[in-house]
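Small disclaimer: the values here were computed from a predicted structure and weren't measured.
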Amino acid sequence: MGDASGNVVEAIDGTISLASAFAGHQEAVQDRDHKFLTKAVEEAYKGVDCGHGGPFGAVVVCNDEVVVSCHNMVLEYTDPTAHAEVTAVREACKKLNRLELADCEIYASCEPCPMCFGAIHLSRIKRLVYGAKAEAAIAIGFDDFIADALRGTGVYQKANLEIKQADGNQAVLAEQVFEKTKAKFSMY
């Protein structure tokens, strides 16, 4: 049935061993991940070199093809939400002309912040592979809430932001928007 060099092997007792085939598959996945993660890291450098934003890159892949390769655009767009992963999700959706990326993967040079993870989740991307841990970004001065918020460790520190739900009619009017428009949204 094959030999131990990566093929399926039938033992004397008739059982089949897939261990070597599985190891070969895992190695192929690692090589593929390495290739796309390297591209995300290259984007991180590119964004810094261009002066577009912080050292973060992201690549969206579909069927082993790069859909988009993006970097942080916070400074270029004067937009604090233009992180690499959010930009990549936006650009991939535009390019593919759809809201869901369920058949796609995203490679990020760094562990995503909660906003980026939210964008990845909302787009239904099936797989996330990241390089550096959030602590690497924290070590050079990026927001230190990222790792704690993602892992549920420590105490989440809010910025000086008051959060309050509107009282009375304003809240009712805002809630009615959902009831009055629900027929137009058959999303799931």
Side-chain angles (χ1 to χ4, degrees), residues 40 43-44 47-48 50-62 67-188:
E43 274 293 335
V48 172
C50 294
H52 291 170
F56 303 94
V59 175
V60 174
V61 174
C62 185
V67 176
V68 294
S69 184
C70 300
H71 52 260
N72 184 291
M73 298 293 285
V74 167
L75 299 176
E76 177 69 8
Y77 293 166
T78 318
D79 178 356
T81 70
H83 289 193
E85 300 91 332
V86 170
T87 301
V89 166
R90 288 175 180 161
E91 294 299 318
C93 287
K94 264 190 221 170
K95 186 171 182 179
L96 297 172
N97 195 30
R98 53 189 163 109
L99 290 174
E100 290 194 7
L101 303 172
D103 57 343
C104 297
E105 301 165 281
I106 190 165
Y107 292 82
S109 63
C110 185
E111 184 175 16
C113 75
M115 177 186 68
C116 291
F117 183 79
I120 291 165
H121 173 74
L122 289 171
S123 72
R124 306 292 191 253
I125 285 177
K126 68 179 176 181
R127 186 166 181 260
L128 160 67
V129 177
Y130 67 87
K133 286 197 166 279
E135 286 82 2
I138 293 163
I140 66 164
F142 287 90
D143 287 343
D144 62 357
F145 76 91
I146 296 171
D148 283 345
L150 280 171
R151 297 193 187 105
T153 57
V155 177
Y156 180 73
Q157 299 291 320
K158 280 189 188 176
N160 293 326
L161 170 67
E162 179 186 345
I163 301 173
K164 173 187 178 290
Q165 183 182 16
D167 296 327
N169 286 342
Q170 293 84 9
V172 172
L173 288 172
E175 288 175 7
Q176 286 174 349
V177 170
F178 297 104
E179 187 61 33
K180 291 180 177 181
T181 64
K182 71 180 180 184
K184 296 181 186 213
F185 297 97
S186 57
M187 296 173 84
Y188 305 107

Nearest heavy-atom neighbours spanning Cys62 and Val67 | CB-CG2, 3.6 Å
Is there side-chain contact between Pro112 and Ile106, with at least one heavy-atom pair below 4.5 Å?
-> no
Please lay out, stage by stage, how Glu105 and Val129 fare under the test side chain to side chain contact (heavy atoms under 4.5 Å, CB included).
-> CA-CA 8 Å; Glu105 301 165 281; Val129 177; 5.7 Å; no
Enter the distance from Cys104:SG to Lys126:NZ here, rounded to the nearest 0.5 Å.
-> 8.0 Å
Where Glu43 and Gly57 come nearest, the two heavy atoms and their spacing = CB-CA, 3.9 Å
Heavy-atom nearest pair, Gly54 first then Val48, reads C-CG2, 3.9 Å
Value rounded to 0.5 Å, distance of CG in Leu128 from CD in Glu111 | 9.0 Å
CE of Met73 to CZ of Arg90, rounded to nearest 0.5 Å, is 11.0 Å
Can you run down the ring pair (Phe, Tyr, Trp, His ring centres under 6.0 Å) pairs that involve residues 79-116, sequence neighbours left out, and say none if there aren't any?
-> Phe36-Tyr107
When the ring planes of His52 and His71 are compared, do they come out parallel, tilted or perpendicular, using 30° and 60° as the limits?
-> parallel
Sequence neighbours left out, what passes salt bridge (Lys or Arg N to Asp or Glu O under 4.0 Å) with Glu175? Give chain and number order.
-> none
Mind checking the CG-CD spacing from Leu122 to Glu100? Nearest 0.5 Å is all I need.
-> 10.0 Å
How long is the gap from CD on Glu179 to CD on Gln176, to the nearest 0.5 Å?
-> 9.0 Å
Rounded to the nearest 0.5 angstrom, the CZ-SG distance for Phe142 and Cys110 is 9.0 Å
Between Phe56 and Ser109, which heavy-atom pair has the shortest distance, and what is it?
-> CA-OG, 3.5 Å
In terms of heavy-atom contacts, Leu75 and Gly51 come closest through CB-O, 3.8 Å
How about Glu85 and Ile125: do any of their side-chain heavy atoms sit closer than 4.5 Å?
-> no
Which heavy atom in Ile140 sits nearest to a heavy atom in Pro55, and how many Å separate them?
-> CD1-CG, 4.3 Å
Please determine which of Val86, Leu101, Leu99 meets the side-chain contact (heavy atoms from CB on, under 4.5 Å) test together with Ser123.
-> Leu101
